[in-house]
Each structure stands twice: as C-alpha cells, then as structure tokens.
Amino acid sequence: MVGGGVIQQILRRKLHSPSLATPVRSWFSSKTAHVDTGSSGVRAFALLGAGVTGLLSFSTVASADEAEHGLACPDYPWPHDGILSSYDHASIRRGHQVYQQVCASCHSMSLISYRDLVGVAYTEEEAKAMAAEIEVVDGPNDEGEMFTRPGKLSDRLPQPYANESAARFANGGAYPPDLSLITKARHNGQNYVFALLTGYRDPPAGISIREGLHYNPYFPGGAIAMPKMLNDEAVEYEDGVPATEAQMGKDVVSFLSWAAEPEMEERKLMGFKWIFLLSLALLQAAYYRRLKWSVLKSRKLVLDVVN
Amino acid sequence: MTRAFEYDLLSKCDVSNRKEDSCVLLSHGAEDEVVDPKKYLEESCKPKCVKPLLEYQACVKRIQGDDSGHKHCTGQYFDYWHCIDKCVAPKLFAKLK
C-alpha cells in the first residue's frame, strides 16, 4: 500500500518539473515537441490512473496473501540443531508413543520399518514385541493363498487406510499425508509442524470456517481438516514426563525429524571430520604451492643496457 | 507415578529461588493440575504485545457492524500472534523435558 503511494508521488513530481529532465529526455522532447504539448495532459491522466490501480491492487493482494501463506512460524531452539548436536533419543521414544496413540489412526508412516527403531528409540526385544502386536498380510503360501501373520522387525509401520481414496473418504475428502518425510516436505518443516500442532486457536473476527474444517493460522489458507489432536494428558508417557500439549508437540516433532533424517547424526560427524581433514589438506596444499612457486617468485630480472 | 518420582520432581522445584515458572510446571502433586507451558508463556507475553493486541481489538470494534462478510481482522490477528510467538519461542523449550 505504501509502495503504491510513493510511486504515485514520484510520478507526479516527474510530470510537474520538466526542468529536471535528463539530456536524453530533452533531446527526445525537442524531436517530438509538437506532440508533447498536446499529450502531456493525457499522459498525466494515464499515469495517475496507473498509480491508482496499483494502489488498489496492492491493498487487495496484501490481504489475500496473508492467510494464503499462513502465519509465519517462529524458530524454536531444537536440541538437535547444533553443528555437533545429536537427537534427544528419549524425546524420539516419547514422540513415537504419541504418534502411535494419537496420529497413527489417520496418518501412515510407510517408509519406516520396526527395525529402524532399534537402537534409536527401542531395544531389539521391545521393537520385536511392538511389531508382533500388528497383523500383516503375507503370502502367497504353498497353496497360493494370502495369509496373515504377526509382524516382524522387517515389516513397515502399519497403514491406517488401504489407499488414498479410502483415506479421503474417511476424512471428508482430505488426505492425511504420510508423515515419513513431513519435516523435509514442508518449508521450515520442524518449526512448522510444531507450530501447527500447538497453534489451534479461535479464528480472527470476520473469519468463519465451514463445518468440518478447523481454524489454524499456520496452515496455508487457515482452514485445516485435522482437528486439534494434542490435548493435555492425551497420552500417558512411559517415563512419567508430564504430557502437556507443548511436550507432546516437541516429542512428536523430534520423532518426525528423526524419521525424515535418520542419518543426521552420522552426517554431522562425517561433516565435522572431513571439514577438519580438508582444512589440514588445504594448509598443506598452500604450503606446497608456495614452496614450488618460490623459485619463480624470487627471480631477479636484470635489464642490462649497453651504453 | 511412584512416590519416589514425585519427590524427585518436587526437589527440582526450588522454592528458595522463588522461581514460580519451574514450580508451576513441576509441582504435579495435585493430580490434574498440569499447566501447559506454551499457554502459560503466551499469557505472560501478553504485556509485551499490547500494541498489536490493541490494534486487533480496534479492528474487531470497527468491523462489528459489518454484514457484508468481506471484512476481517486477519492482518492484525497475525501481527499480534507473530509478536507473541517471537516472545514465546526462545523460552518454551527450557520448560519442556
């Protein structure tokens, strides 16, 4: 809005002060002098009109953009953010518990297997026991029939719906996305997911959300199909940590961050190691280059003039 | 929760320091008195964000009589909550496990 006004002022000033014309423009105006006198009024009107429409379009675009992009989420100080920081594995364990009890009824995580959890959040026995609780379709057997069996470590986490259509049908047309990569699949994913889960609020004055949707300022457009899922004490943590909304949000986002980037810790260690080694190599290379060039750089050229 | 665990929680509640924040979260003695730290911090950050809050309330008042359904206060609402978020974010995780 401000930009439109400023542009308008600049245009007005340029029109009303011909003495400020650059040499180029005066050359043009001298060439087409007979046209200028008549059309200056029309030009002024046209530029004014352009300025006004610019002003109006600014105002409408600004208000549509805000809700469209969603409220920008703040940056939270995640414990695994530092250059040498690892995940908080206790948090990942709690986060998996939250996922299992709150989110898994609608969201799949079809890229994670039970074996991936071993050594990260659960021991092998615990993971085996968890896997054994689910039924998996396997086969065909020797008779050519498909059969069900209890899960193993090698099985993927169970999917709540058979396919996307079933998921949409059960959720009013909206598809609960797979969460395996969600923190990488959204801009500023970790902060966005945390802000979204803990950011359900009453809509601003003048905004009404239709039946079946819920207001969330962080969601682009503001109207999300998922209701508020994290409520205080919704989960009872195994380790006794009080399960407040913010705690569950932090834990589940830690879990989702791990799920999307399980290699993060190894990557950071590798990065640190190789950056260190390569900087030593750089110093060695610099020394070696200067050593070899010293011969040429310390040359003396004598100009011998014969008198 | 076991008794021992409760004692452990309460011992972290440094009464001598008069740090109400840590006590509010950790004194889980009375059964259902868990306070969500984010809500608590949002309330305590309200004084810092009075200006956008007043702008929002002024907007609400302005559009009160409107029947066209086109007027809304999303802008002021966003400004207010952005201010609150910026205030809450650095402090929140210190209150969580």
What are the two closest heavy atoms between A:F194 and A:K250, and how far apart are they? CE1-N, 3.4 Å
Have [X] and [Y] got a donor and an acceptor in their side chains that come within less than 3.5 Å?
{"X": "A:D251", "Y": "A:S91", "answer": "yes"}
{"X": "A:Q190", "Y": "A:H80", "answer": "yes"}
{"X": "A:N191", "Y": "A:W78", "answer": "yes"}

With a 4.0 Å cut-off on N to O distance, would you call B:E43 and B:K39 a salt bridge? no
With only heavy atoms counted, which part of [X] is less than 4.5 Å from chain A, the side chain, the backbone, both or neither?
{"X": "B:Y56", "answer": "side chain"}
{"X": "B:K38", "answer": "both"}
{"X": "B:E42", "answer": "side chain"}

Is it the side chain or the backbone of [X] that comes within 4.5 Å of chain B heavy atoms, both, or neither?
{"X": "A:N231", "answer": "neither"}
{"X": "A:D75", "answer": "backbone"}
{"X": "A:Y237", "answer": "neither"}
{"X": "A:R94", "answer": "side chain"}

Out of A:G249, A:G206, A:A205, return the one with the most heavy atom pairs under 4.5 angstrom to chain B. A:A205
Could you check whether the SG atoms of B:C73 and B:C59 sit less than 2.5 Å apart, since that is the cutoff I want to apply? yes
